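Read the structure below first, then the notes.
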Amino acid sequence: MGELGYYLHPSINGDKVVFVAEDDLWSVGTGGGPAHRLTANPGIVAYPRFSPDGSTIAFSSRDEGHLEAHVMPSAGGPARRLTYFGGLTHVVGWSPDGAAVIVATDW
């Protein structure tokens, strides 16, 4: 039996899965195996979405107050904040060409 826990908001691209557990992003192959942590943020993360080419992950994070959109390399590395709406911003996907992150917000 696999490890018990909560695994939220999975996103799949090719042979990779990114998901939320323990309020951080994790990545694992679609065939299973050990997952590795991509973030270690002080706030929660949610709604990860791979870019169409799989090189980048967009996600929502509450590191600096409100839930805002961020992006980071899918292999891990520093995240960059995209929005400053001051509301509840949810990443919902990418434009088909991968040029823009699509978000929804509720003030």
Side-chain angles (χ1 to χ4, degrees):
M1 177 180 253
E3 293 292 320
L4 297 178
Y6 72 95
Y7 309 102
L8 305 170
H9 314 294
S11 180
I12 300 173
N13 184 281
D15 64 350
K16 294 183 182 178
V17 179
V18 65
F19 60 93
V20 175
E22 299 176 1
D23 294 330
D24 280 309
L25 294 180
W26 295 75
S27 179
V28 68
T30 55
H36 69 276
R37 187 185 300 253
L38 297 175
T39 61
N41 298 347
I44 65 164
V45 298
Y47 313 111
R49 296 291 179 261
F50 278 107
S51 61
D53 69 2
S55 67
T56 306
I57 299 169
F59 61 97
S60 300
S61 178
R62 188 187 306 266
D63 283 347
E64 300 172 12
H66 296 286
L67 200 61
E68 299 286 357
H70 296 72
V71 292
M72 68 179 293
S74 61
R80 181 172 51 94
R81 185 172 172 176
L82 296 179
T83 63
Y84 294 84
F85 295 143
L88 297 175
T89 304
H90 300 274
V91 169
V92 295
W94 289 77
S95 62
D97 62 1
V101 176
I102 300 168
V103 300
T105 189
D106 179 15
W107 286 277

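What you see is a predicted model; the values in this text were computed from it and never measured.
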Could you tell me whether the side chain of [X] and the main chain of [Y] form a donor-acceptor pair under 3.5 Å?
X: H70; Y: E68; result: yes
X: T83; Y: A69; result: yes
X: D15; Y: T30; result: no
X: W26; Y: A35; result: no
X: S11; Y: F50; result: yes
X: S74; Y: G54; result: yes
X: S95; Y: A100; result: yes

Which atom of [X] lies closest to which atom of [Y], heavy atoms considered:
X: P73; Y: P78; result: CD-O, 3.6 Å
X: F59; Y: P48; result: CB-CA, 3.9 Å
X: S61; Y: V45; result: OG-CG1, 3.9 Å

Given the rule that I, L, V, M, F, W and Y join up when any side-chain heavy atoms are under 4.5 Å apart, are Y47 and M72 in one cluster? no

What is the distance from atom CG of D23 to atom CG of L8, rounded to the nearest 0.5 Å? 9.0 Å

Steps toward side-chain contact (heavy atoms from CB on, under 4.5 Å) verdict (T89, H66): CA-CA 8 Å; T89 304; H66 296 286; over 6 Å; no

From the list I102, D53, T56, side-chain contact (heavy atoms from CB on, under 4.5 Å) with W94 holds only for T56

Evaluate L25 against H9 for side-chain contact (heavy atoms from CB on, under 4.5 Å), listing each step before the verdict. CA-CA 10 Å; L25 294 180; H9 314 294; over 6 Å; no

Do [X] and [Y] have side chains that get closer than 4.5 Å, going by heavy atoms?
X: L67; Y: H90; result: yes
X: V28; Y: Y7; result: no
X: F85; Y: V103; result: yes

For side-chain contact (heavy atoms from CB on, under 4.5 Å), just list the numbers for F19 and L38, CA-CA rounded to whole Å, side-chain angles, deciding distance to a tenth of an Å, and then say yes or no. CA-CA 10 Å; F19 60 93; L38 297 175; over 6 Å; no

Could you list the residues that satisfy salt bridge (Lys or Arg N to Asp or Glu O under 4.0 Å) with R37, not counting sequence neighbours? E22, D24

